[in-house]
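What you see below is based on every heavy atom in this structure, not just the backbone, and it leaves out hydrogens, waters and symmetry mates. Heads up: numbering here begins at 1 and tracks the sequence.
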Amino acid sequence: MVKTISLAPLDYGIIALFVAGILALGFSARIRESSVFQFIAAGRRLTLPVFVATLVSTWYGGILGISESVSYYGLGTWLLLGVPYYVFALLYAFFFARRVRGAEEISIPERLHARFGKAAGMLGAGLIFMLAVPAAHVLMLGILTRALTGWDWPISLGLGALVGCLFLYRGGLLADARVSMLAFVMMYVGFGAIVVYCLSTVPPAEVIAKAQPAQTTLTGGQGPLFILSFFLLGAWTLVDPGFHQRVASAESETASKKGVLISVVFWALFDILSITAAMYALHLLPPIGDNATSLDRLAIYPNFADQVLPAGLKAIFLCGIFGTVLSAMVGYTLVSGATFGRELVGRARTDLSESQMMGWCRVGLFVAAALAIVLAATMESVVALWYSWAGAVIGALLLPVCIAYGILRSKAAQSSIALSIAIAFAVTLSWMVYGVTSGNPYLEVTWLGEKFSLGTLIPGVVVSSLIIGAGGIMRRTR
């Protein structure tokens with residue numbers, strides 16, 4: 001259960017300074033030119049330090065989802081939600097980064113349109129908009145806001161989404177990048193301090209000894225098929241619009257590749273800190289029962305700060321969490337807003353002026369925030385949002401995006417690519433709806449005697465590959 005955190009005067013002072021810094025950085029950002037290019041890509045001038053900071057904090061915005069995952073899988077969280085993303089990020093660095101930064105197009109839908117025509121571009125834009133909608137981040141900000149203020153759940157959900165929209169309304173990606181710099185520093189300071197405090201208070205051996213047996217294994221007690229299904233979700237990296245936008249906005253092709261490689265190191269370090277903190281939280285807090293809700297598990301870090309940490313350190317830890325989530329929420333709201341205005345409305349109405357398109361991008365920010373609130377209130381689980389909703393979009397887009405950037409080759413006609421996107425998403429969305437309505441949100445199935453979560457990504461990729469393959473055969477036959 002999400003409880004209101006009690007704060008000492010020192011905590012209030014630290015949090016006030018942090019919030020003032022966030023607001024000052026966000027609202028003082030002004031783009032050099034009133035253009036869509038400056039608004040969503042900062043003129044492609046992100047220097048290496050800024051690029052790394054915004055990529056690390058944005059891509060690690062699901063921090064409360066880590067504690068939720070540790071409550072299920074313990075140390076296995078590193079293998080399930082850490083290693084896959086290192087692997088796919090490395091693949092991105094070596095095969096995608098230079099191609100993305102060197103391309104004229106600055107978004108995935110724009111690239112799909114250039115390679116496969118308007119239909120593929122519009123379908124891709126619709127899916128990218130839905131993938132970028134920051135539902136998981138709004139959910140986490142709502143939990144943190146409620147823990148700090150005690151406000152009602154709907155108000156707590158809405159507040160964080162509104163703040164993110166106001167940041168971006170003036171400064172676009174530049175505002176997001178400036179906020180990310182402070183968030184980057186605080187996430188490591190906050191979690192580094194808490195891990196040092198925990199290690200000096202309780203020996204690690206005691207935590208391991210009292211944990212559930214499955215939580216102390218590298219696999220989290222899961223079988224190979226379950227691990228493989230989670231590993232494949234790491235392919236999200238290859239089509240993630242926020243990841244793509246930052247790489248496309250780097251100051252050079254060299255900086256884009258080098259920045260992704262450096263970011264992998266920082267992600268690995270933060271995984272160590274966050275998983276260690278969650279393991280200590282589970283050890284020091286009252287046991288979480290089998291009937292605990294997803295919100296109970298998402299509140300592990302805030303409850304840990306409230307019940308265990310001393311004044312001052314409590315505020316530093318909370319600022320580290322809050323900054324990470326806010327940075328990611330702002331980043332994905334920008335992507336979804338820009339996709340709505342530039343790729344959907346802008347391509348449907350080709351007569352729009354630059355200022356009108358900017359206006360529609362800003363409208364898109366609020367549309368994305370509203371949809372995020374609805375999704376967050378409906379699913380109430382970060383892991384479920386990652387695994388089901390995101391998997392449905394990734395499964396439909398993964399192969400077309402790889403083909404669009406020349407990573408894979410296909411002889412399929414443009415119409416086949418567009419058809420694959422539409423049908424793959426329709427199939428996986430139906431599969432996801434079935435799982436939610438039947439009380440099986442993780443889409444668990446039993447195969448070869450092992451029960452595992454099939455998810456939506458694998459079915460989407462299978463359907464997509466069949467349609468693209470058939471399209472290639474038909475074209476060669478003709």
Examine distances only and state if a side-chain atom of [X] and a backbone atom of [Y] form a donor-acceptor pair shorter than 3.5 Å.
X: T333; Y: M329; answer: yes
X: S71; Y: E68; answer: yes
X: T77; Y: Y73; answer: no
X: S464; Y: G460; answer: no
X: R246; Y: G242; answer: yes
X: S465; Y: V462; answer: yes

Once you measure the plane-to-plane angle for [X] and [Y], does it fall in the parallel (<30°), tilted (30-60°) or perpendicular (>60°) bin?
X: Y405; Y: H244; result: tilted
X: F340; Y: F129; result: tilted
X: F243; Y: W267; result: tilted

Report yes if the side chains of [X] and [Y] come closer than 4.5 Å at any heavy-atom pair, otherwise no.
X: Y332; Y: D176; result: no
X: I468; Y: I403; result: yes
X: I106; Y: R111; result: no

Run the side-chain contact (heavy atoms from CB on, under 4.5 Å) test on I14 and F18 for me, step by step, so that the C-alpha distance in whole Å, both residues' side-chain angles and the decisive distance to 0.1 Å come before the verdict.
CA-CA 6 Å; I14 294 173; F18 175 74; 5.6 Å; no
Check: Y92 ring centroid to F88 ring centroid under 6.0 Å:
no
How about F266 and Y60: are their ring centres within less than 6.0 Å of each other?
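No, the ring of F266 stays outside the 6.0 Å limit from the ring of Y60, centre to centre.
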Please report the C-alpha distance between V463 and F425 in whole Å, then the side-chain angles of each, then the deciding distance to 0.1 Å, and finally whether the side-chain contact (heavy atoms from CB on, under 4.5 Å) criterion is met.
CA-CA 9 Å; V463 172; F425 180 70; over 6 Å; no
How far apart are the closest heavy atoms of [X] and [Y], and which atoms are they?
X: P109; Y: A125; answer: CG-CA, 3.6 Å
X: A93; Y: K257; answer: O-CG, 3.4 Å
X: R146; Y: T4; answer: O-OG1, 4.1 Å
X: A132; Y: V335; answer: CB-CG1, 3.7 Å

